[in-house]
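Numbered from 1 within each chain, the chains take letters A, B, ... in sequence-line order. Every value quoted in this text rests on a predicted model; they were computed, and no experiment measured them.
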There are 2 protein chains.
Amino acid sequence: MQNSEAMALSASLLAVAGELTQRINEGVVARGFDGLRPAHGFAFARLAPDGATATELAAHLGVTKQAASQLVDEIVRRGFAERRPHPGDARARLVVLTERGWACTRAAEEAAAEVVRGWADVLGESEVRALWEQLWRIAPYGPVRPAW
Amino acid sequence: MQNSEAMALSASLLAVAGELTQRINEGVVARGFDGLRPAHGFAFARLAPDGATATELAAHLGVTKQAASQLVDEIVRRGFAERRPHPGDARARLVVLTERGWACTRAAEEAAAEVVRGWADVLGESEVRALWEQLWRIAPYGPVRPAW
DNA sequence: TCATATGGTCAAGCGGCTTGACCATATTGC
DNA sequence: GCAATATGGTCAAGCCGCTTGACCATATGA
């Protein structure tokens, strides 16, 4: 594949990613969770399964632990998460989502589903699943972080 | 498709996009163009064909014209572009890439090609082309902008 | 020709992030 | 056990990219 083709593919991918990010964020805001930025969503994605420490979050987002801690301050202040003592490490604090945090996560999922439905209208459901599988094979466990 | 599946697809896409952005930028830096951020690349993408005004660039990047003008200052100062009088509008200035700017663009294309070759190793060339076509159909003319 | 719109710049301020220093607790090597 | 080092977290200061607001010069249209 020629370099210019690779760049065109890259541009398409980045355009789709940019629009997806924007529309998920808009969807979340439209569902009543305002004042949130995409970075919060990336944080939620890491916190959702079992919580995480601020340092783990920092690694996931690709920022310093101070920045991550500041982000946690913000989502705690807004009631989306809370800090708990970490079981087994008295230095650390486990940040876990509150019910409100889960509600926000579900809102993001709904917004994502709306966007993906639009793709299915264009490509068909099976091609969307093919797309998913291809992307999954390319980046199976990459951190979802704001890269620019 | 379930909401959680749509979110998983979204996460994969964003992970791939984030890694792609990072690796293109690293590739550009490795080729001797340091001090550039991804935002510069997005600007180059808009300037490359025939140049653009600062205001057009602002619309493309999704920032204010002041911010775009500042970005142009920077790439002009570094010798990647120059401001020319706009043919047909004495208020405007047409920003066009210099030879150095083109060299940088080619470096970015090479870096993108490297990443995409990695994808081809995993998926095969034909599936990569299928991926390209699917993405193209989803976002045929979306602006490539940093969305978060 | 005057009113309005548009491209661009200057200036001030904000906010997210970084660097640097520091404390408390864990972990490791002796 | 205990000192040395590593690690999670916070506080403080500053940087830098971006925004808002004001303004000038040129275009556009009634």
> So which one's nearest nucleotide on DNA chain C is more toward 5', Arg37(A) or Gly88(A)?
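That would be Arg37(A).
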> Students often get this wrong, so: under 4.0 angstrom with heavy atoms, is Ala90(B) touching a base, only sugar-phosphate, or nothing?
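Sugar-phosphate: the residue Ala90(B), judged by heavy atoms under 4.0 Å, touches backbone atoms but no base.
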> Estimate the overall bend of the helix from dT1(C)-dA30(D) to dC30(C)-dG1(D) from the end axes over five pairs each, rounded to 10 degrees.
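End-to-end axis angle: 30°.
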> What residues join Leu94(A) in its hydrophobic cluster, counting side-chain heavy atom gaps under 4.5 Å, either direct or through other members?
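The other cluster members (ILVMFWY side chains, heavy atoms under 4.5 Å, direct or chained) are Val96(A).
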> I'd like to know if the side chain of Ser69(B) reaches the main chain of Lys65(B), judged simply by a donor and an acceptor atom lying under 3.5 Å from each other, with no hydrogens or angles considered.
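Such a contact is absent between Ser69(B) side chain and Lys65(B) backbone.
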> Give a yes or no on whether the backbone of Phe80(B) and the side-chain of Thr98(B) come within a donor-acceptor separation of less than 3.5 Å.
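The answer is yes, because a donor-acceptor pair under 3.5 Å joins these two groups.
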> How many whole angstroms separate atom CG of Leu61(A) from atom P of dT18(C)?
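About 10 Å, once rounded to whole Å.
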> Mind checking who shares a hydrophobic cluster with Val29(A), ILVMFWY linked at side-chain heavy-atom distances under 4.5 Å?
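Direct or chained contacts put Val29(A) with none.
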> Apply side-chain hydrogen bond (donor to acceptor under 3.5 Å, both in side chains) to Arg31(A) and list each qualifying residue two or more places apart in sequence or on a separate chain.
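Once residues adjacent in sequence are excluded, the partners of Arg31(A) under the side-chain hydrogen bond (donor to acceptor under 3.5 Å, both in side chains) criterion are Glu110(A), Glu114(A).
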> Roughly, in whole Å, what's the span from CG in Leu36(B) to P in dC16(D)?
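Those two atoms, CG and P, are 16 Å apart.
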> Is any side-chain nitrogen or oxygen of Thr64(B) closer than 4.0 Å to OP1 or OP2 of dT19(D)?
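For dT19(D), OP1/OP2 do have a side-chain N/O of Thr64(B) under 4.0 Å.
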> Nearest whole angstrom, please: distance from the C1' of dC18(D) to the CG of Leu57(B).
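Nearest whole value for this atom pair: 14 Å.
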> Determine, for nucleotides 1-15 of chain D in 5'-to-3' order, which nucleotides have protein heavy atoms under 4.0 Å from the base (write B), from only the sugar-phosphate (write S), or from neither (write -).
-----BBBBBB----
> Who passes salt bridge (charged side-chain N to carboxylate O under 4.0 Å, His left out) against Arg91(A), sequence neighbours left out?
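Arg91(A) satisfies salt bridge (charged side-chain N to carboxylate O under 4.0 Å, His left out) with Asp89(A) only.
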> Can a salt bridge be assigned to the pair Arg84(A) and Glu82(A) using a cut-off of 4.0 Å between side-chain N and carboxylate O?
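Answer for the salt bridge query: yes.
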> Between Glu125(B) and Arg129(B), is the closest basic N to carboxylate O distance under 4.0 Å?
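A salt bridge is present here (some side-chain N lies under 4.0 Å from a carboxylate O).
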